[in-house]
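Structure first, then comments.
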Amino acid sequence: MTEAENPVASKLARLIADRKARVAIIGLGYVGLPLALTLCRAGFPVLGFDIDERRVALLNRGESGIRHIPADAIRAALAEDRFEASADFERLGEADAILICVPTPLTRQREPDLSFVERASRQIARTLRPGQLVVLESTTWPGTTEEIVKPILEEAGARSGDGFFLAFSPEREDPGNRDFGTRDIPKIVGGDGSHALRLADALYAAAMTSTVPVSSPAVAEAVKLTENIFRSVNIALVNELKVVYDAMGIDVWDVIAAASTKPFGFMPFQPGPGLGGHCIPIDPFYLAWKAREFEVPTRFIELAGEINTAMPRHVVDRLAEALDRRFGRGLNGSRILVLGVAYKRNVEDTRESASFRLIELLEDRGAHTSYHDPHVPEIGPTREHRELAGRRSIALTAQAIADFDAVLVATDHDDVDYALVAAHMRLGVDTRNVFAKRQLDLSRVVKA
């Protein structure tokens, strides 16, 4: 059957062109919610799904729950009757297009955990009807869309490319980025066949500034991994350089700033206390795991992972050394204030945060820790650090700062009074170069 002879594809194409296609989004977190609002603004009716009924109720009240996503945008979509959230996955049959935006974490053995993707696929399969477009957005290893999602959906009796249409389009969110929002970032699209590619591209083109069609879902999956592996490897490089230059008495941040003046052949990456977020600490291992199937070594990827994973321990060692040299004491019994538990600046996102590992390492060595984070008033439940759940951010006052033996800067939020910290701390261990950037007193600062 030629493209022109496929009536279900033609019908869906018309619905998309007329902005009448109803879009379902599974997962209303840092990826799914901004995507839903972007599609609403483009004129599509959106039905969002989430397993967290409290989150569903929050969204239906017009509240965001995510700092950088304004509640006004949600209320506007609700007022225009373009958005609704639901925990009833039997309603997936109401949608013309279904976009999967669920987590793809790692197991404790650092292997891909596709349980969320598989569960979402089975939920779709239960109500799958002819003519629906299904797009996976969750980051994963090349082949997942066709090897995992497709067979589950075809168990319902329809065939991809005929009864339903399947594609992969990787999310490229950067929470808190004021320069590039969901609409502004070019959308990679790979379809399982020409019909799926055309339909998925049309849907995203109606809402995004631009799309980048590629030859297959596997290529699109590889694009996302390549982007994040590039960052992981380069961050590992500057983290290793940080350790090397520190041994030589050289400030790595001075080196990077000077090297950045070269107008070609250099791209600055910044060192830190370890990797965090939903992508860089996880995604490279997806490719390394898949590569083993083909007996291909991934030395750069795995070495970068080792270096970045080792950074929290390096920071704690530097802190212990600084306490010993300055006060003649070790970590055991010391009081440490951790500044920032979000994984990056100016967001409340704590996924895979290196701060949690820092706190664990400090407490394993007998330190007493507290934290301050203006964006994270309380640490919520996590898969890896359950014992930290419920801890609350302390107020940042002159007396509170002075009561600690050391302040460890783990996240460089802009809305922290670093001048107050510098004036009252006994010792500062800075993993983000915040004191030097603000030209504050460095006499009690150790960079790590």
Side-chain angles (χ1 to χ4, degrees), residues 67-68 174-178 235 238-239 241-243 245-246 249-260 268-277 280 308 311-312 314-323 326 335-350 353-359 361-362 369-376 393-398 400-448:
R67 184 174 181 271
H68 68 278
D174 185 15
N177 191 320
R178 298 177 182 178
I235 291 170
V238 295
N239 276 332
L241 290 175
K242 173 180 70 175
V243 176
Y245 289 147
D246 180 63
I250 298 171
D251 188 321
V252 69
W253 283 277
D254 286 349
V255 174
I256 293 169
S260 298
F269 286 81
Q270 301 300 320
L275 290 182
I280 305 177
N308 291 326
M311 279 301 106
H314 167 76
V315 169
V316 169
D317 286 344
R318 287 284 286 151
L319 173 53
E321 179 186 35
L323 283 170
R326 303 251 173 162
R335 301 187 70 233
I336 310 298
L337 175 61
V338 177
L339 278 187
V341 293
Y343 86 87
K344 72 170 190 173
R345 67 194 302 185
N346 303 337
V347 301
E348 77 278 28
D349 193 347
T350 61
S353 174
S355 297
F356 293 159
R357 182 60 179 149
L358 289 169
I359 292 172
L361 289 170
L362 288 167
T369 66
S370 298
Y371 84 91
H372 171 78
D373 192 312
H375 303 293
V376 187
S393 174
I394 70 166
L396 196 66
T397 65
I401 296 166
D403 284 343
F404 287 93
D405 296 297
V407 175
L408 171 57
V409 180
T411 313
D412 50 341
H413 293 307
D414 288 335
D415 47 355
V416 169
D417 190 344
Y418 294 105
L420 178 72
V421 176
H424 297 281
M425 67 185 182
R426 300 181 64 202
L427 169 67
V429 176
D430 189 356
T431 72
R432 302 288 187 176
N433 204 35
V434 295
F435 297 110
K437 287 178 181 177
R438 290 162 176 79
Q439 298 181 327
L440 297 171
D441 178 16
L442 300 181
S443 61
R444 288 169 287 175
V445 174
V446 172
K447 297 184 182 183

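Keep in mind that what you see is a predicted model, and the values were worked out from it rather than measured.
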What one should report as the nearest heavy-atom pair of Ala400 and Ala395 is CB-O, 3.7 Å
Value rounded to 0.5 Å, distance of OG1 in Thr411 from OH in Tyr343
11.0 Å
Flag, side chain of Lys242 to backbone of Lys447, donor-acceptor distance under 3.5 Å
no
Under a 3.5 Å distance rule, please check whether His372 uses its side chain to pair with a backbone N or O of Ile394 as donor and acceptor.
yes
Pairwise distance CZ(Arg318) to CG(Asp246) - rounded to 0.5 angstrom:
4.0 Å
Measure from the side-chain N and O atoms of Thr350 to the backbone N and O of Val341, and report whether any donor-acceptor pair falls under 3.5 Å.
no
Rounded distance [0.5 Å steps], CG in Leu362 versus CG in Leu319
6.0 Å
Might you work through the side-chain contact (heavy atoms from CB on, under 4.5 Å) test for Gln270 and Trp253, ending with a clear yes or no?
CA-CA 8 Å; Gln270 301 300 320; Trp253 283 277; 3.5 Å; yes
Euclidean distance, Arg426 CZ relative to Asp403 CG, rounded to 0.5 Å
10.0 Å
So Leu241 and Val255, do their side chains get closer than 4.5 Å, heavy atoms only?
no
Inter-residue atom distance Leu427.CG - Phe404.CZ, 0.5 Å rounding
13.5 Å
Looking at every heavy atom in both Pro374 and His413, which two are closest together, and how far apart are they?
CD-CD2, 3.9 Å
Of the options Leu337, Leu408, Ile359, which is the one that meets Thr369 in a side-chain contact (heavy atoms from CB on, under 4.5 Å)?
Ile359
Step through the shown structure and confirm whether more than 12 heavy atoms of other residues, nucleotides or ligands are within 6.0 Å of CZ on Arg438.
yes
For the backbone of Ser355 and the side chain of Tyr371, can you confirm whether one donor and one acceptor N or O come within less than 3.5 Å of each other?
no
I'd like to know if the side chain of Arg444 reaches the main chain of Ala422, judged simply by a donor and an acceptor atom lying under 3.5 Å from each other, with no hydrogens or angles considered.
yes
Would you check if the side chain of Arg432 reaches a backbone N or O of Gly272 as a donor-acceptor pair within less than 3.5 Å?
no
For the backbone of Val445 and the side chain of Asp430, can you confirm whether one donor and one acceptor N or O come within less than 3.5 Å of each other?
no
Check: Asp373 main-chain N/O paired with Ser393 side-chain donor or acceptor under 3.5 Å
yes
Answer yes when Asp405 and Arg326 have at least one side-chain N-carboxylate O distance shorter than 4.0 Å, and no when they do not.
no
CG of Leu420 to CG of Leu440, rounded to nearest 0.5 Å, is 11.0 Å
Closest approach of Ile256 to Pro271 (non-hydrogen atoms, all atoms of both residues)
CD1-CD, 3.7 Å
Looking only at heavy atoms, what is the nearest atom pair of Ala410 and Leu358, with distance?
CB-CD1, 4.0 Å
What pair of heavy atoms forms the shortest contact from Phe435 to Tyr418, and how long is it?
CE2-O, 3.7 Å
Taking Met311 as the fixed residue, which of Thr431, Leu275, Val243 is the one that meets the side-chain contact (heavy atoms from CB on, under 4.5 Å) rule?
Val243
I need the minimum non-hydrogen distance between Pro273 and Ala354, along with the two atoms involved.
O-CB, 3.9 Å
Counting distance only, does the side-chain N/O of Asp174 pair as donor-acceptor with the main-chain N or O of Asn177 below 3.5 Å?
no
Among side-chain atoms of His68 and Asn346, is any donor-acceptor pair under 3.5 angstrom?
no
Carboxylate-amine/guanidinium contact Arg345 Asp414, below 4.0 Å:
yes
Yes or no on side-chain contact (heavy atoms from CB on, under 4.5 Å) for Arg357 and Val315, after CA distance, side-chain angles and deciding distance?
CA-CA 11 Å; Arg357 182 60 179 149; Val315 169; over 6 Å; no
